[in-house]
Amino acid sequence: MNHIIAPSLLSADFGNLQRDIEMINRSEADWFHIDVMDGNFVPNISIGFPVLKAIAKHAKKPLDIHLMIVNPDFYIEQFCTEAKASYLTVHYEACTHLHRTIQTIKSYGVKVGVSLNPHSPVSLLEDIICEVDLVLLMSVNPGFGGQNFIEHTYKKIEQLKTLIEQSHAHALIEIDGGIGLSNYQSLIAAGANALVCGNSIFSTDNPVETIAKLKI
Ligand code: DX5
Ligand code: ZN
């Protein structure tokens with residue numbers, strides 16, 4: 001399977017959001033990665049439904065929505081319908097009744113992801129791995145773009161790959177944070193299926209070309 005590149009709109013120019021969305025539309029990127037932060041689960045606030053709806057209107061590729069919010073259950077319907085998520089990812093650390101949350105997301109016909117913070121071990125997913133379409137391993141502490149990649153993530157990819165194989169599960173492995181041209185190939189070699197890249201794409205002079213390089 002070819003790897004997926006999901007540019008993170010968190011690093012886009014929000015004053016020119018439509019321009020940046022159209023850049024991703026015409027690039028070789030596979031998904032849009034969209035970070036929703038509530039100022040509670042993470043120490044930052046990003047975007048809400050008015051902006052998500054505008055993104056959904058212009059984006060022509062699947063929307064990979066990463067919820068860094070407490071109580072995601074309150075808003076699942078809106079993320080699935082108004083925000084038009086293709087993949088909706090919740091944090092393991094934010095869900096008291098994760099099994100129920102996963103079933104609710106599935107009931108909307110939306111693919112479901114579970115994310116682990118850097119401090120959360122892969123073994124936490126043992127009893128849920130067969131229920132999810134994607135596992136998002138955070139390779140930085142969530143909340144901000146442009147942080148340094150945490151090297152321990154490689155070990156977690158290996159552990160997650162083993163867990164998926166042993167459980168005969170089908171989850172994709174997505175990695176988020178500190179990824180760019182210097183490390184994307186080693187992450188794919190380690191077993192990652194999807195890579196989120198924010199700063200490494202949007203800080204370059206030619207983002208379309210950078211995305212093309214990340215697809216090689
Ligand atoms: C961080 C977000 C990431 C972020 C990645 O909390 O989940 O998606 O945008 O940004 P970079 O690629 O710049 O580390
Ligand atoms: Zn993210």
Side-chain angles (χ1 to χ4, degrees), residues 3-14 17 20-21 23-24 27 29-48 51-52 55 59 61-70 72 79 83 85-95 105 111-120 132-154 156-157 171-188 192-205 207 210-211 213-215:
H3 65 276
I4 287 159
I5 293 294
S8 173
L9 280 184
L10 191 64
S11 292
D13 176 354
F14 278 71
L17 194 50
D20 284 356
I21 291 168
M23 178 280 288
I24 295 172
S27 77
D30 300 278
W31 297 345
F32 285 81
H33 183 82
I34 302 163
D35 294 298
V36 178
M37 305 175 181
D38 65 355
N40 192 355
F41 182 69
V42 288
N44 197 6
I45 298 175
S46 59
I47 56 171
V51 178
L52 288 167
I55 294 169
K61 296 179 181 184
L63 305 183
D64 170 36
I65 301 185
H66 176 192
L67 300 184
M68 282 157 275
I69 64 174
V70 296
F79 284 115
S86 288
Y87 281 83
L88 188 61
T89 295
V90 294
H91 265 263
Y92 179 92
E93 302 86 358
C95 297
I105 294 172
K111 292 203 191 298
V112 59
V114 172
S115 183
L116 291 180
N117 277 335
H119 74 275
S120 296
V132 300
D133 301 295
L134 178 148
V135 174
L136 174 57
L137 294 180
M138 286 309 302
S139 42
V140 296
N141 284 296
F144 304 92
Q147 302 181 81
N148 290 335
F149 181 86
I150 296 171
E151 295 294 325
H152 179 65
T153 311
Y154 285 105
K156 290 175 81 169
I157 296 174
L172 294 175
I173 301 177
E174 184 175 35
I175 315 297
D176 185 3
I179 302 170
L181 288 170
S182 65
N183 58 0
Y184 81 103
Q185 269 169 335
S186 55
L187 288 164
I188 294 157
N193 306 114
L195 302 177
V196 177
C197 302
N199 188 55
S200 65
I201 289 174
F202 286 96
S203 69
T204 55
D205 291 338
T210 306
I211 292 169
K213 287 181 186 161
L214 289 163
K215 282 293 292 178

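In listed order, ligands and their atoms are each counted from 1. Everything numeric here is computed off the predicted structure, so don't read it as measured data.
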Note to self: I'd like to check whether Ile179 has a polar contact with ligand 1, where a contact means an N/O of the residue lying under 3.5 Å from an N/O of the ligand.
What the structure shows: no
Margin query: Does Tyr154 form a ring-ring contact (aromatic ring centres under 6.0 Å, His included) with Phe149? I'd like the steps, not just the answer.
Written below: CA-CA 10 Å; Tyr154 285 105; Phe149 181 86; 5.5 Å; yes
Next item on the list: Might you confirm whether atom CG of Asn148 has over 12 heavy atoms from other residues, nucleotides or ligands at distances under 6.0 Å?
Entry: no
Margin query: Looking only at protein heavy atoms, which one is nearest to atom 14 (O) of ligand 1, and what is the separation?
Written below: Gly178 N, 2.8 Å
Margin query: Please list, in number order, the atoms of ligand 1 under 4.0 Å from a heavy atom of His66.
Written below: 7 (O)
Item checked: Heavy-atom nearest neighbour in the protein, as seen from atom 1 (C) of ligand 1, with distance rounded to 0.1 Å -> Phe144 O, 3.5 Å
Check: Hey, is Gly143 one of the residues with a heavy atom under 4.0 angstrom from ligand 1?
Finding: yes
Notebook entry, point to check: Checking Asp133 side chain against Val112 main chain: does a donor-acceptor pair fall under 3.5 Å?
Noted result: yes
Notebook entry, point to check: Would you call Asn193 and Ile173 a side-chain contact if the rule is heavy atoms closer than 4.5 Å?
Noted result: yes
Checklist line | Ligand-side contact atoms (ligand 1) for residue partner Gly198, heavy atom cut-off under 4.0 Å | finding: 11 (P), 12 (O), 13 (O)
Check: Nearest to the Zn ion (ligand 2), which N, O or S atom of His66 do we find?
Finding: ND1
Next item on the list: Among all protein heavy atoms, pick the one closest to atom 3 (C) of ligand 1 and tell me residue, atom and distance.
Entry: Asp176 OD1, 2.9 Å
Check: Who's the nearest protein heavy-atom neighbour of atom 2 (C) of ligand 1, and how far?
Finding: Asp35 OD1, 3.4 Å
Next item on the list: Specify side chain, backbone, both or neither for Leu10, according to which of its non-hydrogen atoms lie closer than 4.0 Å to ligand 1.
Entry: side chain
Next item on the list: Restricting to N/O/S, name the atom of Asp35 that gets closest to the Zn ion (ligand 2).
Entry: OD1
Checklist line | Contact atoms of ligand 1, heavy-atom distance to His33 under 4.0 Å | finding: 8 (O)
Margin query: For a quick test of reading the model, state the closest non-hydrogen atom pair linking Lys215 to Asp30 and the distance between them.
Written below: NZ-OD2, 2.8 Å
Check: Are any of the side-chain heavy atoms of Phe79 and Ile34 separated by less than 4.5 Å?
Finding: no
Checklist line | N or O pair under 3.5 Å between Asn141 and ligand 1 | finding: no
Check: Sub-3.5 Å donor-acceptor pair from the side chain of Glu174 to the main-chain atoms of Leu134, do we have one?
Finding: no
Item checked: Check: Leu214 and Leu195 side chains under 4.5 Å, non-hydrogen atoms -> no
Notebook entry, point to check: Would you say Ser8 has any N or O atom under 3.5 Å from an N or O of ligand 1, going by distance alone?
Noted result: yes
Item checked: For Val196, atoms of ligand 1 separated by under 4.0 Å from a heavy atom -> 8 (O)
Checklist line | Protein contact to atom 11 (P) of ligand 1 [nearest heavy atom, distance to 0.1 Å] | finding: Gly146 N, 3.6 Å
Note to self: Would you say that Ser200 contacts Leu181 through its side chain, given a criterion of any heavy-atom pair below 4.5 Å between the two side chains?
What the structure shows: no
Item checked: Atom of Trp31, atom of Ile4 and distance for their closest heavy-atom approach -> CZ2-CD1, 3.4 Å
Notebook entry, point to check: Considering only heavy atoms of Met138, which atoms of ligand 1 have at least one such atom less than 4.0 Å away?
Noted result: 7 (O)
Notebook entry, point to check: Do the non-hydrogen side-chain atoms of Leu172 and Tyr87 ever get within less than 4.5 Å of each other?
Noted result: yes
Margin query: How close do Asp35 and Ile47 get, counting heavy atoms only, and between which atoms?
Written below: O-CG1, 3.9 Å
Check: Taking only heavy atoms of Gly145, which atoms of ligand 1 are found under 4.0 Å from at least one of them?
Finding: 10 (O), 13 (O)
Margin query: Is the contact between Pro142 and ligand 1 made by the side chain, the backbone, both, or neither, using heavy atoms and a 4.0 Å cut-off?
Written below: both
Item checked: Least distance between heavy atoms, Ser115 atom then His66 atom -> OG-NE2, 4.0 Å
Next item on the list: Provide the number and element of each atom of ligand 1 under 4.0 Å from a heavy atom of Met68.
Entry: 6 (O), 7 (O)
Check: Asp176: which N/O/S atom is nearest the Zn ion (ligand 2)?
Finding: OD2
Notebook entry, point to check: Should you measure from each heavy atom of Cys197, which atoms of ligand 1 turn up under 4.0 Å away?
Noted result: 12 (O)
